[in-house]
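By convention in this document, chain letters (A, B, ...) are assigned in the order of the sequence lines, proteins followed by strands, and residues within each chain are numbered from 1.
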Amino acid sequence: MHDFRVLRDQVDQLRSAMRRRGKLEALAPLIDRGVALDVERRAMIQAVEERKATRNANTQEVARRKKARENADTLIAQGRALGEEIARLEEELQVAERELQAILLELPNLPLDEVPEGDETQNRVEKTWGEPRPGAGLKPHWELAEALGILDLARGAKVSGSGFIVLRGMGARLSRALMNFFIDVHTREHGYEEVWVPVVVNRASMVGTGQLPKFEDDMYGVAGEDLFLVPTAEVPVTNLYRDEMLEGSELPRSFVSYTPCFRKEAGAAGKDTRGLLRLHQFDKVEMVRYTTPEQSADEHERLTRNAETLLERLGLPYRRVLLAAGDTGQSSAKTWDLEAWAPGVGKWLEVSSCSTFTDYQARRANIRYRPGTGEKPRFVHTLNGSGLAFPRLIACLLEHYQQPDGSITVPEALRAFLGTDVIR
RNA sequence: GGACGGGUGGCCGAGUGGUUUAAGGCGCACGCCUGGAAAGUGUGUGUACGUGACAGCGUACCGAGGGUUCGAAUCCCUCCCCGUCCGCCA
């Protein structure tokens, strides 16, 4: 969410940001309406407050006269009239403020300057690590996994529906191994605090991180309750400090959390849906950081490196992609995607997405910090990134490490966690 | 799920319709005192919005929302959360 003030002194900047996202045409009417509403709003505030000041003075005089046993009937009648007028004006003001608020919640974050303009065709590969294995003669992960008996797509579909999977035996154990490996590295080497959080959250949390109100169709809700299944641990972890004031001296703060993630993926039907490529439920270890505005760029790089480190330890070739403005999420100001190479399907698969949200989420969720004693509170910057998401990573692991006999060589770093050096 | 008791400023805590424009304390800041410090002592110290010269002025905020009233932290209603006990339960 943006400050009201962008609609007064940064409208041009706002318009140009929307243009870079390719959304100016769609959002221009909203922006224009917002600018007008801001002016109206201020005029109404002045009208209401002027009358309230009069009422307060009137009330004091009534109190004084009552105490002195003087007649106050006229003043009381005036007060009643004022009260009615105030109620009417306040209602108008409330209507305007709600509309303005709704507009501000709709507008996406401003992309940072270095983010390329345009849609996903303008995404920029910033670097590549490792040698992508040639795909000739290699099988896709779903064939490998089902042959090994570690993935049961049919029964997942039977129990829940398409897009839900069952992992079995070493497949199930592989998920548990990845969770432990990732979290151990982040807590022991990267300085994160491990948290275990609810995967059902309330509406305020979903609004805080930006999933609502705009993307309700993509979220699973709980019938009869105003609760939602988390699409990512970003939601509960970022909302840990919603409506709180942190001390500047304790920033940056870093959290890592494993959760299952639930997404309807509405509108994505038929696109990259085979095997483990796109699921309604998947597992992910997520990193979340709270920083000062001054720290956030460095912390964004550090967080992204924390995710890359895991891919390097696993020996999986990957590339880092800077998303163009039009491909950057609603709440994000800049996003790096990490894509690992899946030779069996011949594609780079997104296994991590590392974003800085600047103060966009912090303003929605009201997360502030006090830089120092006596100083004004400021909004923190929030950042997060997957470190890492399991299903596509498993796809890459299986495809990259597959042997001619269909077995899978387990990368060194995982062996202690998985208890074997080969899956057969 | 039921009964009872609670939600007040960074923290603790008074306050059941009009000098509360929230007492008092802690913490914090600055000053005095001191050889220096502690103790003591004085002053100050919330957030948001509006306006304006970063002075000041105004308005709102005592869990959230609504109601009664000339006037609500205070009375009424609904909801949320916390505590204690009971019930149910992995």
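Rounded to a whole Å, the CZ atom of A/R378 is 15 Å from the P atom of B/U47. For A/R98 and B/G65, the CZ to P distance is 10 Å, given to the nearest whole Å. Atoms CD (A/E50) and P (B/G58) sit 14 Å apart, rounded to a whole Å. Rounded to whole angstrom, the span from the CD atom of A/E247 across to the C1' atom of B/C28 amounts to 11 Å. As rounded to whole Å, 17 Å separates atom P of B/U59 from atom CD of A/E97. Between the C1' atom of B/C79 and the CD atom of A/E225 lies a distance of 14 Å, rounded to the nearest Å. For the pair A/L75 CG and B/C70 P, the interatomic distance rounds to 13 Å; values are reported in whole Å. In this structure, CZ of A/R203 is placed 16 Å from C1' of B/G65, rounded to the nearest angstrom.
Shown here, B/A3 forms a base pair with B/U84; the pair counts as Watson-Crick or G-U wobble because both key distances fall under 3.5 Å. With a 3.5 Å ceiling on both atom-pair distances, the Watson-Crick or G-U wobble partner of B/C26 is B/G10. Using N1 to N3 plus N6-O4 or O6-N4 for Watson-Crick, or N1-O2 and O6-N3 for G-U wobble, each under 3.5 Å, B/G56 pairs with B/U51. Of all nucleotides present, none satisfies the Watson-Crick or G-U wobble test against B/G71 with each distance under 3.5 Å. Base pairing analysis places B/U41 opposite B/G31; the two distances defining the Watson-Crick or G-U wobble pair are each below 3.5 Å. Pairing of B/G65, defined by two Watson-Crick or G-U wobble distances under 3.5 Å, is identified with B/C77.
Because its NZ or CZ atom is both nearer than 6.0 Å to the ring centre of A/Y220 and within 45° of the ring axis, A/K264 counts as a cation-pi partner of that residue. A cation-pi contact, defined as under 6.0 Å to the ring centre and within 45° of the axis, is absent between A/R203 and A/F228.
Neither OP1 nor OP2 of B/A60 sits under 4.0 Å from any side-chain N or O of A/Q46. For A/R41 and B/C49, the shortest distance from a side-chain N or O to OP1 or OP2 is not below 4.0 Å. OP1 or OP2 of B/G58 has not a single side-chain nitrogen or oxygen of A/N56 nearer than 4.0 Å. Side-chain nitrogen and oxygen atoms of A/R8 include at least one within less than 4.0 Å of the OP1 or OP2 phosphate oxygen of B/G50. For the pair A/R55 and B/U59, the criterion of a side-chain N or O lying under 4.0 Å from OP1 or OP2 is not met. Taking only side-chain nitrogens and oxygens, A/R64 never comes nearer than 4.0 Å to OP1 or OP2 of B/G18. For A/R5, a side-chain nitrogen or oxygen approaches OP1 or OP2 of B/C49 to under 4.0 Å. Distances shorter than 4.0 Å separate some side-chain N or O of A/R370 from OP1 or OP2 on B/U47.
Aromatic ring orientation, A/Y290 versus A/F255: perpendicular (interplanar angle above 60°, classes split at 30° and 60°).
When heavy atoms are screened at a 4.0 angstrom cut-off, A/R51 is found touching no nucleic acid atom at all. Residue contacts shown for A/E84 are absent, as no nucleic acid heavy atom lies under 4.0 Å away.
Comparing the same atom, C1', in B/G25 and in B/U59 gives a spacing of 30 Å after rounding to whole Å. Comparing the same atom, C1', in B/G1 and in B/C12 gives a spacing of 34 Å after rounding to whole Å. Comparing the C1' positions of B/G67 and B/A72 gives an interatomic distance of 11 Å, to the nearest angstrom. Remark: the separation of the P atoms in B/G7 and B/A14 is 9 Å, to the nearest Å. Straight-line distance between the P atoms of B/C26 and B/G40: roughly 9 Å, to the nearest whole Å. Spacing of C1' atoms, B/G17 relative to B/C62, comes out at 16 Å, to the nearest Å. Distance check on atom P: B/U47 versus B/A23 gives 16 Å, rounded to whole Å. Separating the P atom of B/C30 from that of B/A37 is a span of 13 Å, rounded to the nearest Å.
A donor-acceptor contact under 3.5 angstrom links the side chains of A/Q361 and A/E234, judged on distance only. Between the side chains of A/E299 and A/T291, not a single donor N or O lies within less than 3.5 Å of an accepting N or O. Using modelled atom types, one finds no donor on one side chain facing an acceptor on the other under 3.5 Å when comparing A/N306 with A/T309.
Checking A/A57 against A/I45, the closest nucleotide of RNA chain B that is more toward the 5' end is the one next to A/I45. The nearest heavy atom of RNA chain B to A/D3 and to A/T59 marks one nucleotide each, and the one closer to the 5' end goes with A/T59.
Residues A/R20 and A/V115 meet the side-chain proximity criterion, which asks for heavy atoms closer than 4.5 Å.
Taking every side-chain heavy atom of A/E49 into account, B/U59 is the closest of B/U59, B/C70, B/U47. Of the listed nucleotides (B/A48, B/C70, B/U59), B/U59 has the atom at the smallest distance from the side chain of A/A53.
Within 6.0 Å of CD on A/E250 lie more than 12 heavy atoms contributed by other residues, nucleotides or ligands.
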